[in-house]
Amino acid sequence: MNGLFSIEGKNAVISGAAGVLGGSIARHFAGQGANVIGLVHRPEQVEPLLADLSASGGNHTCIACNVMDREEMTGIAGSIKEKYGRIDILINVAGGNVPGASILPDQNFWDMKTEDWEKVVALNLNGTVFPCIVFSEIFAKQGEGCILNISSMAAYAALTRVAGYGAAKEGVSNFTRWLSAEMALKYGDKIRVNALAPGFFIGKQNKNILLNPDGSLTERSKKVMAKTPMGRFGDIKELNGAAQFLCSDAASFITGVVLPVDGGFSSFSGV
């Protein structure tokens, strides 16, 4: 293994680790020799994830928790620090859309329920900010640490329908840039904060929006493909290398970056 890109022996906290994206990163990091502390939403997700991670060896832990509860996260972070001695990496993957905060073609924006907007903003923005508050304090005391957040193509352009999700992910991008400067200016160059902005990948939440029952592209997918120079959806595993790079010493002079992994979607005008 090239030592420059190595994460072997690193202790990595990954939220949303039972999901498609978070689970892929968690399994990849475990396979690369990191000790993964997977944060999941439901207790029944703990044992299956731990079994997956343990197949690669290493010292892994899985914890069911609410990433939007700062007090709970503070207690969990303390327990992790006590068990592992130090924490090297925080990856905030927990998030997703709330259907009630999406505006379908036959709906009006003013018909949206405010509580659904609040749910999607809390999940995606607070679910990133609150863990950052807790773990950045640990990194500041250590003098070292790496944070990786998850933004979205919805933060690069105003995608139709996903009003709440897009606003929250733009908030994640802006917060990532802000926190990167805050940590570097006050606590030194060994604490880095970056984000990934995934393009279009087929997951549980968007499968019915992007694919018809027969597997063919929906009209929305056709528009996505027309603006994606590579002309295909991403494979979820194609995010793993970018995540590892940004969490490794190879990215030691990179902070405040929101890196698109999108097949060219964000850089192509479509004409």
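Numbers for residues simply follow the sequence, beginning at 1.
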Could you tell me the separation between the [atom1] atom of [X] and the [atom2] atom of [Y], rounded to the nearest 0.5 Å?
X	Y	atom1	atom2	value
Leu125	Met68	CG	CE	11.5 Å
Asn174	Leu179	CG	CG	11.0 Å
Ile14	Leu49	CD1	CG	9.0 Å
Glu170	Ser151	CD	OG	7.0 Å
Ile7	Gln32	CD1	CD	5.5 Å
Thr128	Leu123	OG1	CG	8.5 Å

**OP:** Go through the structure and list residues passing ring pair (Phe, Tyr, Trp, His ring centres under 6.0 Å) with Phe265, not counting sequence neighbours.
**Re:**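 Applying ring pair (Phe, Tyr, Trp, His ring centres under 6.0 Å) to Phe265 gives Phe200.
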
On a heavy-atom basis, which atom in [X] and which in [Y] lie closest, and how many Å separate them?
X	Y	answer
Ala154	Val162	CB-CG2, 4.4 Å
Gly263	Pro229	O-CD, 3.3 Å
Ser248	Ser6	CB-O, 4.1 Å
Asn124	Gly96	ND2-O, 2.7 Å
Ala26	Val36	O-CG2, 3.6 Å
Phe201	Leu239	CZ-CG, 3.8 Å

Ignoring hydrogens and geometry, is there a side-chain-to-backbone donor-acceptor pair from [X] to [Y] under 3.5 Å?
X	Y	result
Ser24	Leu21	no
His60	Ser54	no
Lys227	Phe268	yes
Arg192	Leu246	yes
Ser152	Ala155	no
Gln142	Ile87	yes

In chain order, what residues pass the side chain to side chain contact (heavy atoms under 4.5 Å, CB included) check against [X], with sequence neighbours excluded?
X	answer
Ser216	Asn212, Asp214
Ser136	Ile147, Met183
Ala195	Asn149, Thr176, Val258
Thr61	Ile37, Ile63, Lys83, Tyr84

Original post:
Can you pull the side chain to side chain donor-acceptor pair (under 3.5 Å) pairs that have at least one residue in residues 66-80, sequence neighbours excluded?
Top reply: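 Pairs touching residues 66-80 that pass the test: none.
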
Within-4.5 Å side-chain heavy-atom neighbours: [X] and [Y]:
X	Y	result
Ile89	Leu148	no
Asn35	Lys10	no
Lys169	Ile150	yes

Original post:
Please walk me through it: do Glu219 and Lys223 pass salt bridge (Lys or Arg N to Asp or Glu O under 4.0 Å)?
Top reply: CA-CA 7 Å; Glu219 288 304 311; Lys223 293 177 181 179; over 6 Å; no

**OP:** Return the orientation label for the Phe139 and Phe135 ring planes: parallel under 30°, perpendicular over 60°, tilted otherwise.
**Re:**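 Rings of Phe139 and Phe135: tilted, as their planes differ by 30° to 60°.
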
Original post:
Parallel, tilted or perpendicular: which describes the rings of Phe245 and Phe5, with under 30° parallel and over 60° perpendicular?
Top reply: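 Aromatic pair Phe245/Phe5 classed tilted.
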
**OP:** Sequence neighbours left out, what passes salt bridge (Lys or Arg N to Asp or Glu O under 4.0 Å) with Glu82? Give chain and number order.
**Re:**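 Testing Glu82 for salt bridge (Lys or Arg N to Asp or Glu O under 4.0 Å), a comparison that skips the adjacent residues, returns none.
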
If hydrophobic clusters are built by linking Ile, Leu, Val, Met, Phe, Trp and Tyr wherever their side-chain heavy atoms come under 4.5 Å apart, do [X] and [Y] end up in the same one?
X	Y	value
Phe253	Ile191	no
Met230	Phe233	no
Ile91	Val20	yes
Leu39	Ile133	yes
Trp178	Val134	yes

According to side chain to side chain donor-acceptor pair (under 3.5 Å), who are the partners of [X], at least two apart in sequence or on a separate chain?
X	answer
Ser15	none
Arg86	Asp88
Ser56	none
Ser266	Asp262

Identify each donor-acceptor pair in which a side-chain atom of residues 97-106 lies under 3.5 Å from a protein atom, sequence neighbours left out, and give them as a table.
{"residue": "Asn97", "atom": "ND2", "partner": "Ser102", "partner atom": "OG", "Å": "2.8"}

**OP:** Output, in order, the C-alpha distance, side-chain angles, deciding distance and verdict of side-chain contact (heavy atoms from CB on, under 4.5 Å) for Thr160 and Arg220.
**Re:** CA-CA 10 Å; Thr160 59; Arg220 188 171 180 81; 2.8 Å; yes

Original post:
Under a 4.0 Å N-O cut-off, is there an ion pair linking Lys113 with Glu115?
Top reply: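 No, this pair does not count.
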
**OP:** Before giving the answer on side-chain contact (heavy atoms from CB on, under 4.5 Å), spell out for Tyr156 and Met153 the whole-Å C-alpha distance, their side-chain angles and the decisive distance to 0.1 Å.
**Re:** CA-CA 5 Å; Tyr156 273 79; Met153 282 301 101; 3.8 Å; yes

Original post:
For Glu137, does the CD atom have more than 12 heavy-atom neighbours from other residues, nucleotides or ligands under 6.0 Å away?
Top reply: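 Not buried by this count: 12 neighbours or fewer within 6.0 Å.
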
